Amino acid sequence: MREYDCWFQKQDGEPCVKGGLPERILLAGGGEIFNNAVAEYSELLLRKWGVKTVKLNGFTGERCVVIGVLDEIRSKNLNFSLPASLPPEGFLIRSGDDGLLICGADERGALYGVYRFLALLASGAFSENFETTDSPRSKYRIINHWDEASGFIERGYAGRSLFFKDGEIKYDAARIKDYARLLASTGINIISINNVNVRGEAKRFITEEYLPGVAALSAIFRPFGVRLMLSINFAAPCVIGPLATADPLDEKVAAWWAERARVVYSCIPDLAGFLVKADSEGEPGPFQYGRTHADGANMLAAALKPYGGELIWRCFVYNNSQDWRNWKIDRARAACDVFLPLDGAFSDNVLLQIKYGPLDFQVLEPVTPLLGALKKTRRLIEFQITQEYTGQQIDLCFLPYMWEKVMNFDAAYAETGFKIKELAANGGFEGIEGFAAVANTGLDKNWTGHTLAQANLYGYGRIAWKPDLKALDIAEEWSRLTFGVKQPKTAETVSQILMRSYPAYEKYNAPFGICFMVTPSTHYGPNIEGYEYSKWGTYHRADLHAIGVDRTVRGSGYAALYAPKNAAVFSDPSLCPKEFLLFFHRLPYGRLLANGETLLQNIYDSHFEGVEEAQKMMEDWEALKEAVDGCVYESVLEKFKLQIKNAREWRDQINTYFFRKTGISDAKGRLIYP
Ligand code: GCV
């Protein structure tokens with residue numbers, strides 16, 4: 001196994017296909033993406049099974065596959081029964097007496113069909129008389145890079161940027177092609193290449209100086225059906241010049257952006273649009289001019305409109321100069337307070353990008369009410385694949401486990417149809433039109449720092465494609481593709497380890513949704529009061545009697561922002577899910593929880609268990625020593641060793657902290673350091 005190849009490993013032996021691998025291809029389609037679908041088929045068949053393909057002029061059955069788009073296949077009058085239509089970007093794969101068919105609704109559909117067919121072959125899931133149709137449930141399946149022109153990646157844990165170096169757009173084209181393949185194979189169709197904190201040379205990416213470089217990069221992604229997007233700085237008219245204002249209601253500013261958009265689109269006609277972080281953590285925005293976020297977004301959207309571009313506007317807007325003494329301000333409310341009053345005020349090519357939780361990608365956070373409460377605004381849900389608060393690609397933490405829970409959250413604005421996965425399947429004003437997530441990739445040879453973190457990249461694409469996929473199915477799918485099916489036990493063990501990793505991390509981390517007990521700025525490892533007296537609005541307010549933030553109507557009122565059914569559950573500590581107990585409530589350490597133990601004892605227990613579970617994951621990995629390639633085995637083992645060291649530190653610092661606050665020892669007599 002080669003770490004670099006991710007879920008495209010070379011296979012041992014041929015898969016079971018009647019008569020042998022379909023090496024003869026009949027084409028029914030054209031265009032850049034379609035041609036690449038065929039090239040990908042040929043390249044991967046050769047790479048994975050050592051089989052060379054040939055192109056045919058007519059259909060001859062044996063060892064033959066038809067790769068095409070629906071209309072073209074129909075016009076060739078081949079002997080296939082075809083569906084009347086397929087959903088956009090969808091495909092049909094069928095093998096039967098009439099032969100083997102990979103039929104896309106369109107060019108992208110054909111490409112996705114090819115990847116799915118090869119995955120089915122590699123994972124042993126393909127058989128004779130097989131038929132499957134599939135299509136993405138949402139239109140936008142986006143990866144955000146937080147890469148800077150210097151090559152540094154903000155919150156990156158897998159080396160330097162794939163795209164930039166020393167202030168320039170500089171890359172290894174072969175590697176970018178491999179990256180495009182990885183993304184496209186999971187259904188990603190848009191990638192923003194630069195950090196939302198637009199720093200240094202990246203502020204000028206929308207100028208003639210850098211646009212040829214962006215265009216060249218987009219040409220590598222284009223055949224994979226992946227369009228580029230640029231993060232822009234709201235103050236660009238001043239930063240790039242010559243204006244003295246970036247006021248969105250100033251006509252000169254609107255004209256400046258209209259001209260920039262014209263130039264940008266003359267270089268990259270299929271650019272997906274601009275991504276904006278405004279009035280957030282020091283980034284400029286409309287508030288500076290006394291304007292609303294709708295004023296800011298709509299002005300930029302108007303500039304993009306003639307070219308079909310979208311304006312993606314992030315909702316991560318909050319007061320980051322808070323006074324910890326003030327218990328009334330609550331950062332969790334901020335996005336709702338800013339954006340709910342603007343529902344319906346955004347132009348039709350604006351999409352709001354909303355982090356799934358109200359704070360900031362914490363280990364345990366409830367789903368934000370904003371996702372379900374907006375009714376007249378197009379929106380995307382934002383995840384973080386890079387493991388900023390979830391172990392930084394040192395600790396194993398399989399994120400689809402948590403994403404599945406997010407997808408199953410019921411925003412409860414009606415009896416049915418308001419689960420996040422249902423909203424994501426609906427799209428449109430009543431729904432969520434797509435997904436965006438911060439990448440976990442970089443120049444490390446295994447792409448993701450921790451080899452098993454490749455599963456998070458894969459899993460994100462799969463969930464964005466099909467929001468009701470189960471984490472276990474993703475874990476199994478990825479493990480089979482990565483570790484092979486010849487020794488099924490290996491893939492099975494790996495997928496079980498993955499599934500246990502998030503709950504283990506949860507247990508030794510900040511307890512019950514209290515959040516932010518991490519080392520300031522790096523965000524790795526425990527620092528219980530690291531953010532307690534900071535300006536960031538990230539407080540747990542532990543004293544010797546109680547801990548937690550009262551977000552009910554008696555406190556900040558955040559819980560009341562949910563639909564009534566959810567507000568009632570979250571506002572009542574006896575109904576509130578245990579994992580969010582301290583997110584919504586301030587409780588005494590002696591409060592009895594449903595399991596009959598006190599809150600404090602539950603904190604102690606979960607921290608002891610978390611470390612034990614991390615140790616058990618490592619032991620299970622060690623049992624795979626003979627089955628897994630030496631390099632991969634050793635690199636993952638090294639990560640586990642660090643994880644356990646770190647987990648112990650979390651356990652001991654948290655338990656000691658509460659022991660010192662309360663003077664109450666562990667009821668089970670385990671060692672808590674004084
Ligand atoms: C890109 C968190 C991270 C920042 C990040 C920010 C965001 O605060 O720590 O590094 O900035 O989220 O999502 O914009």
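Values below: all heavy atoms of this structure, side chains included; hydrogens, waters and symmetry mates excluded. Atoms within a ligand are numbered from 1 in the order they appear, just like the ligands themselves. What you see is a predicted model, and the numbers here were worked out from it, not measured in a lab.
- Each of the atoms 3 (C), 9 (O) of ligand 1 lies under 4.0 Å from some heavy atom of E388.
- The protein non-hydrogen atom at the shortest distance from atom 11 (O) of ligand 1 is N197 ND2, 3.1 Å.
- Distances from ligand 1 to the non-hydrogen atoms of Q384 include no value under 4.0 Å.
- Close contacts between ligand 1 and R155 involve ligand atoms 3 (C), 4 (C), 9 (O), 10 (O) [criterion: under 4.0 Å to a heavy atom].
- In terms of polar-atom proximity, defined here as any N/O pair under 3.5 Å, N195 makes no such contact with ligand 1.
- Given atom 2 (C) of ligand 1, the protein heavy atom at minimum distance is D360 OD2, 2.9 Å.
- Neither the backbone nor the side chain of V438 has any atom closer than 4.0 Å to an atom of ligand 1 (non-hydrogen atoms only).
- With hydrogens left out, the protein atom closest to atom 14 (O) of ligand 1 is K277 NZ, 2.6 Å, a heavy atom.
- Counting protein heavy atoms only, atom 4 (C) of ligand 1 is closest to E154 OE2, 3.4 Å.
- Close contacts between ligand 1 and H523 involve ligand atoms 9 (O) [criterion: under 4.0 Å to a heavy atom].
- Using a 4.0 Å cut-off between charged nitrogen and carboxylate oxygen, R314 and E382 count as a salt-bridge pair.
- F583 and F512 have their aromatic ring centers separated by at least 6.0 angstrom.
- Polar contact check, Y318 against ligand 1: no nitrogen or oxygen pair lies under 3.5 Å apart.
- In terms of polar-atom proximity, K355 is counted as a contact of ligand 1, with an N or O under 3.5 Å from an N or O of the ligand.
- Summary of contacts: the protein heavy atom closest to atom 6 (C) of ligand 1 is E281 OE1, 3.3 Å.
- T448 and N440 share no donor-acceptor pair across their side chains, judged by distance under 3.5 Å alone.
- Side-chain atoms of S606 do not come within 3.5 Å of backbone N or O of P511 as any donor-acceptor pair.
- For the pair R551 and F584, the cation does not sit on the ring face, since its NZ or CZ is not both under 6.0 Å from the ring centre and inside 45° of the axis.
- Ion pairing between R160 and D444 fails under the 4.0 Å rule for side-chain N and carboxylate O.
- For ligand 1, the atoms lying closer than 4.0 Å to a non-hydrogen atom of F316 are 6 (C), 7 (C), 8 (O), 12 (O), 13 (O), 14 (O).
- In this structure, CG in N144 is found 12.0 Å from CD1 in I193, a value given to the nearest 0.5 Å.
- A donor-acceptor pair under 3.5 Å is formed between the side chain of N408 and the backbone N or O of E404.
- The side chain to side chain contact (heavy atoms under 4.5 Å, CB included) with V317 is formed by just one residue from the set K277, E281, E283, H293; it is H293.
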